[in-house]
Number of protein chains: 2
Amino acid sequence: MGRPPDKSPLKALDRGLLPSLMGYALRRTQSAVFADFAATFAKAGEALTPGEFGLLVLVDRNAGLSQMALARALGIDRSTLVPILDRLQARGLVVRRPSPTDGRTHALALTASGEKALARFARLVRAHEKRIASGLSASETRTLIDLLEKVRASARSL
Amino acid sequence: MGRPPDKSPLKALDRGLLPSLMGYALRRTQSAVFADFAATFAKAGEALTPGEFGLLVLVDRNAGLSQMALARALGIDRSTLVPILDRLQARGLVVRRPSPTDGRTHALALTASGEKALARFARLVRAHEKRIASGLSASETRTLIDLLEKVRASARSL
DNA sequence: GCGGATTGTTTGGGGAGCAAACAAATTCGC
DNA sequence: GCGAATTTGTTTGCTCCCCAAACAATCCGC
């Protein structure tokens, strides 16, 4: 009874109930996808996070946006947005212009080089998306996004 | 041409290509699910992150585990694990015992109160999972987890 | 035009993650 | 068997994300 505790270097661990948990799969997949995103950009000599990409798209498609509106769209606090915008502005991709109609707010916009960069980034994102979806059919990809949206709707705060 | 810029407080933003991106859906859903997890625990007067829960389950099911093995199973660096274990140990849930067979490693284990806490936590996690899956049928939930696993397999590092 | 709300910023706090360096202990090479 | 290489846990330093509270400037209601 009791063979000596297995010292083989690659023993698979017992994960208990974890594999049956949606939240667990979500977290692990998200982390792997994030790594793939970063690697895709690094290999192209670019640096961008998924969050920054989302921000750039939102600013591109909604020029003149205020920081509050952007923060709400991103689901983050307005104070969290400040250093992110600082960084993007320091890279010359985004500008904070004074709003002509409201002295409290900034009218956010992409710079010319921000537009050009976003076009490059979008190509990389498409390549990244293609790779992470490579194990799925087109309809499976659609299904996955739909199911994720349903889950998101049910997870609403409280 | 150009009615005055719509100042209505809840104008839906143009999200461009974002809604078609799996990575985007993944990130937003993960964030909502995380918030639901935190809210579930807060309402029960407990405090735990999804990562901590995964760690507790792994230690429970694989008593005597080393920190390296645990870090590998969690997909994080061994130096990242240290403060997390410190915190859990300070809460009296986990112990680092000297390994009888290898003086370099610690044999991790749950304390008695760690076991009891994990039982409480598992109940909360099940309630949380039930809620976030409330918009999905059982087979849809299964499908979602399977698709997530497929994506994770395709996203492998590089 | 005055008081209350909104906006952007700053400060303070916490957690997650990596890389590099280090001491202690083990294992490998021979 | 014994020195060298490797492994493990830790510390330090860095970056990033996130929130809450406070504050000044500005706007809006009345």
Side-chain angles (χ1 to χ4, degrees), chain A residues 7-10 27-28 30-35 37-39 41-42 47-55 64-91 94-108 157, chain B residues 7-10 27-28 30-35 37-39 41-42 47-55 64-91 94-108 157:
Chain A
K7 290 258 263 177
S8 68
L10 281 176
R27 206 159 53 83
R28 305 194 97 214
Q30 215 274 329
S31 153
V33 166
F34 183 96
F37 187 102
F41 274 72
L48 203 75
T49 66
E52 288 169 343
F53 178 73
L55 185 154
L65 204 62
S66 75
Q67 294 183 199
M68 261 312 285
L70 179 56
R72 253 190 304 263
L74 292 171
I76 63 178
D77 193 88
R78 66 190 196 279
S79 67
T80 301
L81 183 56
V82 173
I84 301 175
L85 273 180
D86 287 349
R87 200 174 341 124
L88 260 15
Q89 188 161 22
R91 287 172 66 177
V94 171
V95 275
R96 285 187 253 222
R97 280 194 255 272
S99 163
T101 66
D102 187 336
R104 294 168 301 176
T105 71
H106 289 155
L108 300 173
S157 22
Chain B
K7 290 261 264 182
S8 68
L10 281 177
R27 208 160 50 83
R28 305 194 95 214
Q30 215 273 329
S31 152
V33 166
F34 184 95
F37 187 102
F41 275 71
L48 203 75
T49 66
E52 288 168 343
F53 179 73
L55 185 154
L65 203 61
S66 76
Q67 294 184 199
M68 262 311 288
L70 179 55
R72 252 189 305 264
L74 293 172
I76 64 178
D77 193 88
R78 66 190 196 280
S79 67
T80 302
L81 183 57
V82 173
I84 301 174
L85 274 180
D86 287 349
R87 201 177 339 125
L88 261 14
Q89 188 160 25
R91 288 173 65 177
V94 170
V95 275
R96 284 188 254 223
R97 279 194 256 272
S99 162
T101 67
D102 187 335
R104 294 168 301 178
T105 71
H106 288 154
L108 300 173
S157 23

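Atom CD of residue Q67(A) and atom CG of residue L74(A) lie 11.5 Å apart, to the nearest 0.5 angstrom. One finds the OG1 atom of T105(B) at 11.5 Å from the CE atom of M68(B) (value rounded to the nearest 0.5 Å).
Legend: residues meeting salt bridge (charged side-chain N to carboxylate O under 4.0 Å, His left out) with R97(B), ordered by chain and number and at least two apart, are absent. With sequence neighbours excluded, no residue satisfies ring-ring contact (aromatic ring centres under 6.0 Å, His included) with F53(A). Not counting sequence neighbours, S31(A) has no partner by the side chain to side chain donor-acceptor pair (under 3.5 Å) test. Looking at residues two or more places apart in sequence or on another chain, you find no salt bridge (charged side-chain N to carboxylate O under 4.0 Å, His left out) involving D77(B).
Rounding to whole angstrom units, CG of residue D86(B) and P of dG9(D) are separated by 13 Å. Computed from coordinates, the R104(A) CZ to dA24(D) C1' distance equals 13 Å when rounded to whole Å. Rounded to whole Å, atom P of dT11(D) lies 15 Å from atom CD1 of I84(B). Rounded to whole angstrom, the span from the CG atom of L85(A) across to the C1' atom of dC17(D) amounts to 14 Å. The CD1 atom of I76(A) sits 6 Å away from the P atom of dC18(D) (whole-angstrom rounding). To the nearest angstrom, C1' of dC16(D) lies 13 Å from CG of L48(A). Going from atom CG of L81(B) over to atom P of dA19(C) covers 16 Å, rounded to whole Å. Atom NE2 in H106(A) sits roughly 19 Å away from atom P in dT6(C) (whole-Å rounding).
Considering D86(B), I84(B), T80(B), L85(B) as possible partners of V82(B), the one that fulfils the side chain to side chain contact (heavy atoms under 4.5 Å, CB included) test is D86(B).
Axis angle, first five pairs versus last five pairs of the helix from dG1(C)-dC30(D) to dC30(C)-dG1(D): 30°, rounded to 10°.
Candidate nucleotides dT8(D), dA25(D), dT10(D) were compared by shortest atom distance to the side chain of M68(B), and dT8(D) ranks first. Residue R87(B) places its side chain closer to dA16(C) than to any other of dG9(D), dA25(C), dA16(C). When the nucleotides dT8(D), dC18(D), dG8(C) are ranked by their closest atom to the side chain of T105(A), dG8(C) comes out on top. Closest approach to the R96(A) side chain among dT9(C), dG17(C), dA25(C) is made by dT9(C) (side chain taken as heavy atoms from C-beta onward).
Of all the heavy atoms in D102(A) and S99(A), the pair that sits closest is N-OG, 3.1 Å. Listed here is the closest heavy atom pair of F37(B) and P50(B): CE2-N, 3.5 Å.
Within the structure, every side-chain polar atom (N or O) of R72(A) is placed at least 4.0 Å from both OP1 and OP2 of dT6(C). In this structure, Q67(B) does not reach the dT7(D) phosphate: none of its side-chain N or O atoms is under 4.0 Å from OP1 or OP2.
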At a cut-off of 3.5 Å, list every protein nitrogen or oxygen paired with a nitrogen or oxygen from nucleotides 20-22 of chain D, distance to 0.1 Å.
| unit_1 | atom_1 | unit_2 | atom_2 | d |
| --- | --- | --- | --- | --- |
| dA20(D) | N6 | S79(A) | OG | 3.2 |

